[in-house]
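Since the structure comes first, as structure tokens, the remarks are kept for the end.
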Amino acid sequence: MKILIADPIHEDGIQIFKDEGFEVQVKTGLPPEELRQAIKGVHGLVIRSSTKVDQALLEAADELKVVGRAGTGLDNVDIDACTQKGVVVMNTPGQNSNAAAELALGHIFALSRHIARGHQALKQGKWEKKKLRGREVKGKTLGIVGMGNIGSILAELGRGVKMRVIGYDPYLDDEQVSFDELIAQADYISIHVPKTKETTGLFNAETIAKMKDGAYLINCARGGIVDEQALCDALEAGKLGGAALDVFEQEPLPADARILYPDSVTCTPHLGASTYEAQVNVAVAVARQMSAYLKGGEPKFAVNAPR
Ligand SMILES: NC(=O)c1ccc[n+]([C@@H]2O[C@H](COP(=O)([O-])OP(=O)(O)OC[C@H]3O[C@@H](n4cnc5c(N)ncnc54)[C@H](O)[C@@H]3O)[C@@H](O)[C@H]2O)c1
């Protein structure tokens with residue numbers, strides 16, 4: 001059976017497929033037309049966030065049984081179309097959660113202490129000590145939107161640095177606050193929800209206006225959950241203290257480059273899962289899960305149930 005690796009994954013995962021006797025083709029970054037050729041005869045497709053699994057790709061897939069996402073976000077996969085086609089879609093929840101949570105905390109500190117601005121100014125030969133007085137996170141309220149794998153790790157980290165942590169997640173039973181309570185109380189809001197119809201534009205002109213004056217917004221989840229135009233307007237108006245963005249409406253380059261320029265914005269190029277540890281974890285997990293399924297096992301961490 002054939003495995004196509006369409007987005008780069010760590011070698012340890014590729015080795016597992018080989019050891020399990022699969023024929024492995026690594027063809028990353030293919031344009032859609034070439035990918036539609038490459039998918040022919042393939043039983044297992046491995047992706048991360050770049051490859052789009054859409055109707056057109058599935059039409060070209062003649063043997064495909066499983067799509068494995070090395071990571072969690074599945075907004076690049078048409079899950080309904082996969083289900084119709086009898087293709088199982090699985091991801092590797094939890095394997096990169098620590099990496100993403102640590103990045104969010106890093107952004108919280110970077111914003112609070114102007115780390116990126118101080119660094120940039122120094123590199124330009126400017127000693128901006130007076131201009132860059134920061135704030136401490138101790139005692140401040142951290143509002144976490146989405147208390148799943150990443151959100152709950154960030155909650156622990158936040159408590160570890162003595163923040164008051166509140167969470168909003170309508171799909172969990174434990175004690176949470178409402179969305180309106182969270183946005184009204186939080187000094188820092190960190191977003192950790194999947195991108196869905198419901199969460200797209202969750203932070204827009206109206207909801208940002210309800211945030212505390214001078215609050216910070218951190219998005220290490222997916223571009224588009226925050227309306228970049230509305231965020232730019234709020235930053236320019238001095239409504240928010242700052243924002244940190246790891247993800248953008250358009251990647252690799254944001255659709256509205258305006259978001260990169262305000263001094264109050266700290267940016268990273270979608271680095272949430274980009275740690276050595278997380279990349280090994282997701283590659284090994286996806287290879288084990290897909291191999292087991294293709295060899296007749298029950299699907300693990302499947303997000304659909306095709307008949
Ligand atoms: N920046 C990165 O590189 C990076 C890395 C990993 C994950 N992510 C993103 O982070 C997201 C969260 O990852 P996770 O592993 O914690 O997922 P998860 O599924 O464990 O947690 C997501 C949580 O969001 C909640 N949720 C769903 N809709 C909601 C809504 N409308 N309001 C509030 N809560 C809602 C769910 O109930 C769930 O508890 C992923 O979907 C992915 O898009 C980004």
Side-chain angles (χ1 to χ4, degrees), residues 7-9 47-52 69-77 79 89-108 110 142-158 165-183 186 189-204 207 217-227 243-252 254 266-283 285-286 301-304:
D7 291 326
I9 62 163
I47 58 159
R48 286 175 54 196
S49 59
S50 301
T51 296
K52 301 232 173 327
R69 158 71 158 112
T72 40
L74 281 162
D75 41 295
N76 50 327
V77 179
I79 296 170
V89 179
M90 51 176 63
N91 63 358
T92 60
Q95 300 294 336
N96 58 21
S97 311
N98 190 65
E102 285 187 9
L103 182 72
L105 184 68
H107 271 300
I108 290 171
L142 168 60
I144 301 177
V145 179
M147 288 290 285
N149 285 301
I150 298 171
S152 51
I153 295 174
L154 180 63
E156 264 180 64
L157 297 177
V165 179
I166 53 176
Y168 164 68
D169 193 321
Y171 300 102
L172 296 179
D173 294 335
D174 42 335
E175 225 167 276
Q176 315 270 341
V177 297
S178 71
F179 183 70
D180 282 346
E181 282 167 330
L182 184 139
I183 57 174
I189 295 180
S190 195
I191 303 170
H192 299 287
V193 291
K195 186 175 182 183
T196 61
K197 273 188 199 140
E198 202 188 352
T199 62
T200 299
L202 184 64
F203 284 85
N204 53 39
T207 48
L217 186 61
I218 297 107
N219 186 9
C220 290
R222 276 290 177 277
I225 297 174
V226 175
D227 178 331
L245 301 173
D246 184 49
V247 287
F248 302 89
E249 282 171 1
Q250 186 185 306
E251 296 182 12
T266 301
C267 299
T268 43
H270 205 141
L271 296 183
S274 293
T275 63
Y276 176 80
E277 293 86 345
Q279 289 315 307
V280 173
N281 291 348
V282 296
V286 85
F301 295 127
V303 297
N304 64 347

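Counting starts at 1 for both ligands and their atoms, following the listed order.
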Please step through side chain to side chain contact (heavy atoms under 4.5 Å, CB included) for the pair V77 and I47, ending with a clear verdict.
-> CA-CA 10 Å; V77 179; I47 58 159; 3.5 Å; yes
For side chain to side chain contact (heavy atoms under 4.5 Å, CB included), just list the numbers for N149 and H192, CA-CA rounded to whole Å, side-chain angles, deciding distance to a tenth of an Å, and then say yes or no.
-> CA-CA 9 Å; N149 285 301; H192 299 287; over 6 Å; no
Assess whether side chain to side chain contact (heavy atoms under 4.5 Å, CB included) is satisfied between E181 and I166, documenting all intermediate values.
-> CA-CA 9 Å; E181 282 167 330; I166 53 176; over 6 Å; no
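Shown here are the side-chain contact (heavy atoms from CB on, under 4.5 Å) partners of D169, two or more places apart in sequence or in another chain: M147, Y171, L172, Q176.
Shown here for Y168 and S178, the closest heavy-atom pair between the two residues is CD1-C, 3.8 Å.
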Any protein N or O within less than 3.5 Å of an N or O in ligand 1? List each pair with its distance, or say none.
| unit_1 | atom_1 | unit_2 | atom_2 | d |
| --- | --- | --- | --- | --- |
| ligand 1 | 1 (N) | C220 | O | 3.0 |
| ligand 1 | 1 (N) | D246 | OD2 | 2.9 |
| ligand 1 | 3 (O) | H270 | NE2 | 3.2 |
| ligand 1 | 3 (O) | G272 | N | 3.3 |
| ligand 1 | 3 (O) | A273 | N | 3.2 |
| ligand 1 | 16 (O) | N149 | N | 3.4 |
| ligand 1 | 16 (O) | I150 | N | 2.9 |
| ligand 1 | 20 (O) | N149 | N | 2.8 |
| ligand 1 | 20 (O) | N149 | ND2 | 2.9 |
| ligand 1 | 37 (O) | D169 | OD1 | 2.7 |
| ligand 1 | 37 (O) | D169 | OD2 | 3.3 |
| ligand 1 | 39 (O) | G148 | N | 3.4 |
| ligand 1 | 39 (O) | D169 | OD2 | 2.6 |
| ligand 1 | 43 (O) | R222 | NH1 | 3.4 |

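For the pair N219/F203, no side-chain contact is recorded, criterion being any heavy-atom separation below 4.5 Å from C-beta on.
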